[in-house]
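Just below is one structure, and these are the notes that go with it.
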Amino acid sequence: ITSGDGKDYQPGVLSQKTYFKRKVTGGSCGEKYSNIVTVTVFDSILPGVVSDAQSICYNTVPALLSGTSPGGGTGQYSYQWQYSLQGVTWIDIASEVGISYRPDALKVNTYYRRAVTSGNSTVYSNFVMIKVYDQVNLPVTDLKTSYCKGSTVNINVVNPSYLSYKWYDSQKNYIMDGTKYSITGITADNLVYVKSLNTNGCLSDFLEQHIVIDNVKALFDYDISTV
């Protein structure tokens, strides 16, 4: 080997399995040879493909990020999922070392990729971005502080700007869509909820609407029989 006349030797880049041994020449003893060492060259690691990029509503859980099986290397693989908020600086996700990964609920756009290690080499998959839509604002209504017993209660969404509004009963069971909710002849306090719905199919949080009845009574305390 050219320039391989020292006690130690650093091979160059190898593309296939290669065997090495060292020849030692010393005076009248002639030539002696060391044991043979083998440098095994594995195929390049193929990291597999991660999918899918997706868009989700604010503070919801994305769909599973699936990763195809890697190839090459030693045939034995370990994984580490990573995330980034800008696609530049990557951070390991603790304990997420499976072939696929499902993120928790997200509030900001987030990038994900998978590191694959085989032997002493680590490579990285493509990255996917999960886009998070802006948070949907709560509705604004004209709910009054109280209503007269037996009256009709009308609650209107003020200046509606979203696709729709969904109304729910006190147990948060869906009732109807619309910008107005009415109760005729109300006799007791009531509780309803309303949510905004935008064109992306995303809902706001629940807005509580506590309907209070004003039980004012017009009664005399005394019967005045003489003046």
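Note: Y193 and F206 meet the aromatic proximity criterion, with ring centroids under 6.0 Å apart. The ring of Y112 has its center closer than 6.0 angstrom to the ring center of Y101.
Between Y9 and F20, the ring-plane angle classifies as tilted under the 30° and 60° cut-offs. Ring orientation note: the planes of Y181 and W167 are close to parallel, at an angle under 30° on the 30°/60° scale.
Looking only at side-chain heavy atoms (C-beta outward), P70 and L46 stay at 4.5 Å or farther from each other. The side-chain heavy atoms of W81 and P103, taken from C-beta on, include no pair separated by under 4.5 Å. Looking at heavy atoms from C-beta onward, V140 lies out of side-chain contact with V157 at the 4.5 angstrom threshold. You'll find the side chain of C57 stays beyond 4.5 Å of the side chain of L203, heavy atoms only. With a 4.5 Å cut-off on side-chain heavy atoms, I130 and N109 do not count as touching. Proximity of Q135 to D205: side-chain heavy atoms (C-beta onward) are separated by under 4.5 Å at one or more points. Side-chain contact between K17 and T38 is present, with heavy atoms from C-beta onward closer than 4.5 Å. Side-chain contact check for V49 versus N126: some heavy-atom pair is nearer than 4.5 Å.
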Practice item. Check step by step if side chain to side chain donor-acceptor pair (under 3.5 Å) holds for Q86 and S84. Key: CA-CA 6 Å; Q86 72 291 99; S84 173; 2.6 Å; yes
Practice item. Determine, stepwise, if the pair D177 / Y174 fulfils side-chain contact (heavy atoms from CB on, under 4.5 Å). Key: CA-CA 9 Å; D177 278 32; Y174 170 76; 2.6 Å; yes
Check your understanding: Is there a side-chain contact (heavy atoms from CB on, under 4.5 Å) between I93 and Q82 once you walk through the steps?
Key -> CA-CA 5 Å; I93 303 171; Q82 299 178 320; 5.5 Å; no
Practice item. Take L191 and D189 through the test side-chain contact (heavy atoms from CB on, under 4.5 Å) and record every step on the way to the result. Key: CA-CA 7 Å; L191 179 64; D189 290 356; over 6 Å; no
Practice item. Let me see the working for Q209 and T141 under side chain to side chain donor-acceptor pair (under 3.5 Å), right down to the final yes or no. Key: CA-CA 9 Å; Q209 301 286 274; T141 72; 2.6 Å; yes
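Using a 4.5 Å cut-off between side-chain heavy atoms of Ile, Leu, Val, Met, Phe, Trp and Tyr, with links allowed through other members, M176 and I183 fall into the same hydrophobic cluster. Cluster annotation: V132 is connected to I91 through the hydrophobic network of ILVMFWY side chains, with a link wherever side-chain heavy atoms come within less than 4.5 Å. One hydrophobic cluster, built from ILVMFWY side chains closer than 4.5 Å, cannot hold both V123 and Y111; they sit in different ones. Side-chain heavy atoms closer than 4.5 Å link hydrophobic residues (I, L, V, M, F, W, Y) into clusters, and following such links, possibly through other members, connects I1 to L14. When the side chains of ILVMFWY residues are joined at heavy-atom separations under 4.5 Å, either directly or via intervening members, V212 and I186 end up in two distinct hydrophobic clusters.
Distance alone, capped at 3.5 Å, places no donor-acceptor pair between the Y133 side chain and the V136 backbone. For R22 (side chain) and K7 (main-chain N/O), a donor-acceptor pair under 3.5 Å exists by modelled atom type. A donor-acceptor pair is defined here as one N or O able to donate and one able to accept, closer than 3.5 Å; such a pair exists between the side chain of S118 and the backbone of Q76. Between the side chain of T184 and the backbone N or O of S182, no donor-acceptor pair lies under 3.5 Å. Between the side chain of S204 and the main chain of L138, no donor-acceptor pair closer than 3.5 Å is present. Listed for the R114 side chain is a donor-acceptor partner under 3.5 Å among the backbone atoms of I99. Of the possible polar contacts, none joining the E96 side chain to the Q80 backbone as a donor-acceptor pair under 3.5 Å is found. Formation of a donor-acceptor pair under 3.5 Å by the D142 side chain with backbone atoms of N156 is found in this model. Side chain of Y162 to backbone of N137: a donor-acceptor contact under 3.5 angstrom is found. Between the side chain of Y77 and the main chain of T74, no donor-acceptor pair closer than 3.5 Å is present.
R113 forms a cation-pi arrangement with Y124, by the criterion of a distance under 6.0 Å to the ring centre and an angle within 45° of the ring axis.
With sequence neighbours excluded, no residue satisfies side-chain hydrogen bond (donor to acceptor under 3.5 Å, both in side chains) with N200.
Atom CG of N120 has 12 or fewer neighbouring heavy atoms from other residues, nucleotides or ligands inside a 6.0 Å radius. No more than 12 heavy atoms of other residues, nucleotides or ligands sit less than 6.0 Å from atom OH of Y83. Heavy-atom neighbours of D104 CG from other residues, nucleotides or ligands within 6.0 Å: at or below the threshold of 12.
With rounding to the nearest 0.5 Å, the separation of CG in L207 from OG in S196 is 8.0 Å.
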